[in-house]
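Since the structure comes first, as structure tokens, the remarks are kept for the end.
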2 protein chains.
Amino acid sequence: MGSPAPLLDALDTAGLRLTEARRTVATLIADRDGPFTAADLLADARGRGIDIGRATVFRALDAFSELHVVERLDLPNGDHAYVGCDPAHHHHVVCENCGRTTEIDDAGIRDIVRAIERRTGYRVDSHRLELFGRCPACAAAEPVS
Amino acid sequence: MGSPAPLLDALDTAGLRLTEARRTVATLIADRDGPFTAADLLADARGRGIDIGRATVFRALDAFSELHVVERLDLPNGDHAYVGCDPAHHHHVVCENCGRTTEIDDAGIRDIVRAIERRTGYRVDSHRLELFGRCPACAAAEPVS
DNA sequence: ATTTTTGCAAATCATTTGCATATAT
DNA sequence: ATATATGCAAATGATTTGCAAAAAT
């Protein structure tokens with residue numbers, strides 16, 4: 001349902017070629033909602049009768065990741081997944097029940113990172129914050145805690 | 001150099017058996033400093049002339065992870081690694097140069113998580129924060145940024 | 001005694017690679 | 001034209017599995 005345009009724009013801006021395969025992957029990603037795996041996209045493609053190479057999907061995912069329009073998540077169970085995302089936002093809350101994903105803004109993390117640098121003496125170049133739980137709908141559906 | 005005792009205690013407390021293999025893995029972990037992979041431990045073992053099965057190492061690592069005395073990290077390059085850690089602490093700063101690891105306390109993350117819950121409506125059950133950069137020594141060794 | 005763990009080797013799974021061909025610029 | 005990207009099939013590499021034997025309770 002989403003639009004693949006931001007993904008394609010990112011490619012264009014980066015000087016990468018707008019190939020048919022990449023358009024396809026961008027569309028598949030845009031049509032996804034929660035986190036997905038490379039295998040999911042492959043399956044989606046086949047489901048639509050589109051023929052695309054496995055390696056190509058991985059390569060496209062890599063490209064999009066580097067452009068920060070897709071992020072690679074590590075789920076608590078150890079699985080890897082990707083999510084399409086706004087290049088400015090880098091953190092997500094993932095619903096462990098339905099897979100829904102919501103981007104979160106900096107929310108004060110920047111300050112925390114600074115505090116940690118001060119406290120540990122490390123220079124922090126990058127960080128990764130992932131939150132897992134229940135989205136509002138799923139939380140409501142299972143009253144107890 | 002570290003002591004395997006906390007690891008073994010955790011097993012004991014959890015009612016898991018204190019086997020020779022698990023003692024070995026605990027010792028190998030205690031003797032490690034930065035993050036390590038399962039393959040590292042295997043190599044360490046062989047280097048000491050200890051014979052232990054690959055699967056056993058993975059199983060021990062799983063057990064320790066579940067007991068929160070070892071944490072599984074996902075490095076920025078996509079690799080997986082483990083680190084021994086205090087069960088109360090769940091975040092690390094990792095030096096991307098020398099591999100050194102430092103545990104960090106809650107540092108206000110709890111508040112941020114709460115703020116995010118309020119803002120998104122999600123109920124957050126768990127989170128993962130990983131920071132990457134340079135430890136003091138490595139940062140000093142490479143003046144530029 | 002009984003249950004849990006081990007160790008092996010084979011199986012699985014995701015991801016990557018080499019290379020010739022096709023495509024975007 | 002020329003550099004880049006694709007697709008395949010094979011290679012890789014980490015992690016898991018089944019199952020009988022071994023060890024811990």
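Remember, it's a predicted structure, so these values are computed and weren't measured experimentally. Lettering of chains follows the sequences in order, A, B, ..., and the numbering in each one begins at 1.
Atom CG of B:L42 and atom C1' of C:dG7 are 12 Å apart (whole Å). Between A:F64 atom CZ and D:dA5 atom P there is a gap of 12 Å when expressed in whole angstrom units. One interatomic measurement links the two molecules: CG of B:D51 to P of D:dA23, which rounds to 13 Å at whole-angstrom precision. For the pair A:E66 CD and D:dT4 P, the computed distance is 15 Å after rounding to whole Å. Atoms CD1 (A:I50) and P (D:dG7) sit 11 Å apart, rounded to a whole Å. Counting to the nearest Å, the P atom of D:dG7 and the CZ atom of A:R22 are 11 Å from each other. If you measure from atom CG of B:L61 to atom C1' of D:dT16, you get 14 Å, rounded to the nearest angstrom. Computed from coordinates, the B:I52 CD1 to C:dC8 C1' distance equals 13 Å when rounded to whole Å.
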Can you tabulate the close N/O pairs, meaning under 3.5 Å, that link protein atoms to atoms of nucleotides 15-25 of chain C?
unit_1, atom_1, unit_2, atom_2, d
C:dA24, N3, A:R17, NH1, 3.2
C:dT25, OP1, A:L18, N, 3.2

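Within the helix from C:dA1-D:dT25 to C:dT25-D:dA1, the inter-axis angle between the opening and closing five-pair segments is 50°, rounded to 10°.
At a threshold of 4.5 Å between non-hydrogen side-chain atoms, the residues A:H92 and A:T102 do not count as touching.
Within a 6.0 Å radius of CZ in B:R72, more than 12 heavy atoms belonging to other residues, nucleotides or ligands are found.
With sequence neighbours excluded, no residue satisfies side chain to side chain donor-acceptor pair (under 3.5 Å) with A:E66. Under the rule for a side chain to side chain donor-acceptor pair (under 3.5 Å), the partners of A:R128 that lie at least two apart in sequence or sit in another chain are A:D74. Residues satisfying the side chain to side chain donor-acceptor pair (under 3.5 Å) criterion with A:D125, sequence neighbours excluded, are A:R123. Applying the salt bridge (Lys or Arg N to Asp or Glu O under 4.0 Å) rule to B:R114 yields the partners B:D111; only residues at least two apart in sequence or on another chain are considered. The salt bridge (Lys or Arg N to Asp or Glu O under 4.0 Å) check on B:R48 picks up B:D31, with sequence neighbours excluded.
Listed by first and then second residue, the ring-ring contact (aromatic ring centres under 6.0 Å, His included) pairs involving residues 110-130 of chain A are A:H91-A:H127 (not counting sequence neighbours). Legend: ring-ring contact (aromatic ring centres under 6.0 Å, His included) pairs involving residues 54-86 of chain A, not counting sequence neighbours, sorted by first then second residue: A:H68-A:H90, A:H80-B:H80.
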